[in-house]
Amino acid sequence: DREVDNWNDFICKLPRDACRYFVYKILHKTGAGDQWKNAFITWIPERASTQQINLYTKHENFVTRQFGVFFAYEASNLSELSYDIIVEWF
């Protein structure tokens, strides 16, 4: 499925040792039809420095408020970023 392939391509490009915030448009399929949802995700990998982890977690609430965040999710390893998990969460 194209959405899953696009997601996996994107996730593979995330740094394994640096934190990131990102917004990704997720296709959520329901019985009533397909819906696109914006997912705000904080990527805090286990190999990130303690200083960077503290910085990102400290400012996450501020960033989500600035975006008027809808849905937020935090992941620290790639298994937490499978397409199925993200779609179910949002």
Side-chain angles (χ1 to χ4, degrees):
D1 166 303
R2 186 173 180 199
E3 287 83 25
V4 175
D5 291 341
N6 289 342
W7 174 258
N8 290 335
D9 289 345
F10 177 76
I11 295 307
C12 286
K13 294 174 185 166
L14 288 173
R16 302 301 185 260
D17 60 354
C19 300
R20 297 287 187 268
Y21 299 122
F22 62 94
V23 176
Y24 196 93
K25 191 172 270 199
I26 299 286
L27 180 62
H28 185 72
K29 298 179 182 187
T30 66
D34 296 347
Q35 278 186 316
W36 289 98
K37 293 186 176 183
N38 291 322
F40 180 88
I41 299 174
T42 304
W43 170 241
I44 302 179
E46 297 163 344
R47 295 190 321 206
S49 71
T50 302
Q51 180 181 7
Q52 194 173 60
I53 291 169
N54 290 338
L55 178 70
Y56 270 75
T57 55
K58 179 180 177 182
H59 292 96
E60 183 177 1
N61 286 335
F62 173 78
V63 173
T64 56
R65 280 193 311 257
Q66 293 302 307
F67 277 105
V69 165
F70 14 82
F71 302 104
Y73 182 79
E74 185 176 304
S76 61
N77 64 61
L78 292 177
S79 67
E80 296 171 334
L81 289 174
S82 78
Y83 189 80
D84 293 337
I85 289 173
I86 297 302
V87 168
E88 187 175 318
W89 179 264
F90 292 97

Please collect all side chain to side chain donor-acceptor pair (under 3.5 Å) contacts where either partner lies in residues 47-61, sequence neighbours excluded, each pair once. Thr42-Glu60
Quick one: side chain to side chain donor-acceptor pair (under 3.5 Å) pairs with a partner in residues 78-90, sequence neighbours left out? Ser76-Glu80, Asn77-Ser79
Assess whether side-chain contact (heavy atoms from CB on, under 4.5 Å) is satisfied between Tyr21 and Ile41, documenting all intermediate values. CA-CA 6 Å; Tyr21 299 122; Ile41 299 174; over 6 Å; no
Do Leu55 and Trp43 sit in one hydrophobic cluster, given that two such residues count as connected whenever their side-chain heavy atoms are within less than 4.5 Å of each other, even indirectly? no
Under 3.5 Å, side-chain donor or acceptor atoms of residues 12-19 against the rest of the protein: list the pairs with distances, not counting sequence neighbours.
| from | atom 1 | to | atom 2 | distance (Å) |
| --- | --- | --- | --- | --- |
| Arg16 | NH1 | Leu14 | O | 2.3 |

Can you name the closest pair of heavy atoms from Ile53 and Pro45 and give their distance? CD1-O, 4.2 Å
Those residues that, when tested against Asn6, pass side-chain contact (heavy atoms from CB on, under 4.5 Å) (two or more places apart): Arg2, Tyr24
Pairing residues for Asp9 by the salt bridge (charged side-chain N to carboxylate O under 4.0 Å, His left out) criterion, not counting sequence neighbours: none
Separation between CD (Glu46) and CG (Leu78), nearest 0.5 Å, reads 9.5 Å
For the pair Ile26 and Trp36, evaluate side-chain contact (heavy atoms from CB on, under 4.5 Å) and give the outcome as yes or no after the intermediate values. CA-CA 6 Å; Ile26 299 286; Trp36 289 98; 5.8 Å; no
Would you name the heavy atoms of Trp7 and Leu81 that are closest together and state the gap between them? NE1-O, 2.7 Å
By side-chain contact (heavy atoms from CB on, under 4.5 Å) - contacts of Asp5 (at least two apart): none
